[in-house]
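The structure appears below as structure tokens.
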Amino acid sequence: MAINKNSTGYTITFSVVLVCICGALLAFLATQLKPFQNANIANEKRQFILSAAGFASLDSLKKLQKSDIEKMFSESVTSNVYDFEGSPIQGEDAFLIDIVKEFKATKNEPKIRRYPVFTCVNESDTSYVIPMAGNGLWGPVWGFAALGSDQNTITGIVFDHKSETPGLGAKITDQSFVDMFTSTTKTVMKGDKYMGLKVVKGGLKEPNHEVDAIAGATITSNGVSAMLKSAFKPYMKAWDKIK
Amino acid sequence: MSAKKESLFSKKNMKLIKDPLNDSNPISIQVLGICSALAITIMLENAFVMSMSVLFVLIMANVIVSVIRNMIPDKIRIIVQLVIVATLVITVDQILKAFVYEVSKQLSVFVGLIITNCIIMGRLEAFALGNKVGPSFLDAIGNAFGYTWILLVVGLIREVFGSGSLTMFGLEGLIPESWMIENGGFYEHNGLMLLSPIALFLVAGVIWVQRAKNRKLIEEN
């Protein structure tokens, strides 16, 4: 008996079978590839931290093998986690805290957030790298900022984003944007007052605490600005203990 | 099933491979898949990975759709094609993320957008639904390479003149340092090459050259 291809029953059966096959296939693939993808993400995070701490430029770090990055990281970076009051949290691996998820999970409750610090020793220079997270136009933006041994001056910074517009918001990862934070002195404190950093349009009023925004990417720039403004504040209470 | 079996590499079948390279090229003649040709040709390596992704998706989709073409209910055939293409594209995306992470980051959304690449839907609808597996396979190869060669040409020109490198082959600084303006020379990397609009001019250039060489492509009026 020939099957009527255009009957409703056949159509439904066909779609159910097709979707089940495709779904099963994708689920299998996702679980199989997850370890590789996670290794890549961890490797990238190490590259970001090392680059912010000034070991080498991001581009040259990207050319290194994963094992070399891991070795470099384990040799020169130690990490701690602090709570909002600046007391260390024991038994937490700072590296495993996904700052974007952490930020989302504690959106309006900075008091229960965990704050990782990566202490990087590059020859004799010590820098403190802290992760930051915020919202861009289409999705999260995040980054790592390195403060020098005075725990005040920015010595390096990297940004990344999930899905900002290529050519506009995505420019936050460009070297030209990143360089603005280190080409002149940027500090998070003005005397004893916490300033944070800002991304502004129309000229800098506080040249030590502001950088120029990206033209055509207002919302991404605002997101980065909000992230930079608040990122360093919670650490103020912890700095004394880190020294 | 026809009684006498046609060879897979008969003249008629070879035409399926050759035509899309030139006479019915998906980009320059049918003007399909332009979006990705503009967006991801900034470096040769990106163009290559993108082309290979499209090659994989197009071949698999054409073959799968051709195999089940007599089972697909007509009413939902477009959705069925979409489900198959989407599954393949997600597969490619996951594999890229696992093994060439850097490139996958640069291709960003454009891998996902293969789903909406008109070349793929076009070939499925126009060819795979009505032809046997062998010819569909060849048709996919032909069209994918028709897409590939244009992407590679555009990518090559943009990378060499835009940033003076070919990272795919580990070549950097193709332009001698002494030529650069900052060293007293006459040369400067062309910033326009790094922007999408230039790809449109390059594709237009390809179309021009191709039509000048192949007179029968020129329309009457």
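Convention: sequence-line order gives letters A, B, ...; per-chain numbering from 1. All figures in this text were calculated on a predicted structure; none of them were measured in a lab.
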* Taking atom types as modelled, is there a side-chain donor on A/Thr218 or A/Lys201 under 3.5 Å from an acceptor on the other? -> yes
* Asked: Do A/Glu102 and A/Arg114 meet the salt-bridge criterion of a basic N to acidic O distance under 4.0 Å?
  -> yes
* Can you tell if the side chain of A/Glu75 reaches within under 4.5 Å of the side chain of A/Lys71, non-hydrogen atoms only? -> yes
* Asked: Of all residues at least two apart in sequence or in a different chain, which pass the side chain to side chain contact (heavy atoms under 4.5 Å, CB included) check with A/Lys101?
  -> A/Asp98
* Would A/Thr8 and A/Thr11 count as having a side-chain donor-acceptor pair, cut-off 3.5 Å? -> no
* Structure fact -> For A/Gly54 and A/Asn122, the nearest pair of non-hydrogen atoms, with its separation, is O-ND2, 3.4 Å
* Asked: Of the backbone (N, CA, C, O) and the side chain (C-beta and beyond), which part of A/Gln32 lies under 4.5 Å from a heavy atom of chain B, both, or neither?
  -> neither
* Asked: Between the side chains of A/Lys62 and A/Ser60, does any donor sit under 3.5 Å from an acceptor?
  -> no
* For chain A, which residues from residues 78-103 of chain B lie under 4.5 Å away (heavy-atom distances)? -> B/Val80, B/Val83, B/Ile84, B/Thr87, B/Ile90, B/Thr91, B/Gln94, B/Ile95, B/Lys97, B/Ala98, B/Phe99, B/Tyr101, B/Glu102
* Under 3.5 Å donor-acceptor, A/Asp160 side chain and A/Gly143 backbone -> no
* For residues A/Ile130 and A/Ala231, report the shortest heavy-atom separation together with the two atoms involved. => CD1-O, 3.9 Å
* **Centroid separation A/Phe48 to A/Phe159 less than 6.0 Å** => no
* To do: Would you please go through residues 146-162 of chain B and name the residues with a non-hydrogen atom below 4.5 Å from one of chain A, in numerical order?
  => none
* Side-chain ion pair, B/Arg77 and B/Glu125, N-O less than 4.0 Å -> yes
* Asked: Do the side chains of B/Ser136 and B/Phe127 get nearer than 4.5 Å, heavy atoms only?
  -> yes
* Decide yes or no for A/Phe73 and A/Gln47: does some side-chain heavy atom of the first lie under 4.5 Å from some side-chain heavy atom of the second? => no
* **Residue part contacting chain B, namely of A/Leu33, when any heavy atom lies under 4.5 Å** => both
* So which bits of residues 48-57 of chain B come within less than 4.5 Å of chain A, counting non-hydrogen atoms only? -> none
* Asked: Does A/Phe118 offer a backbone N or O that forms a donor-acceptor pair with the side chain of A/Ser79 under 3.5 Å?
  -> no
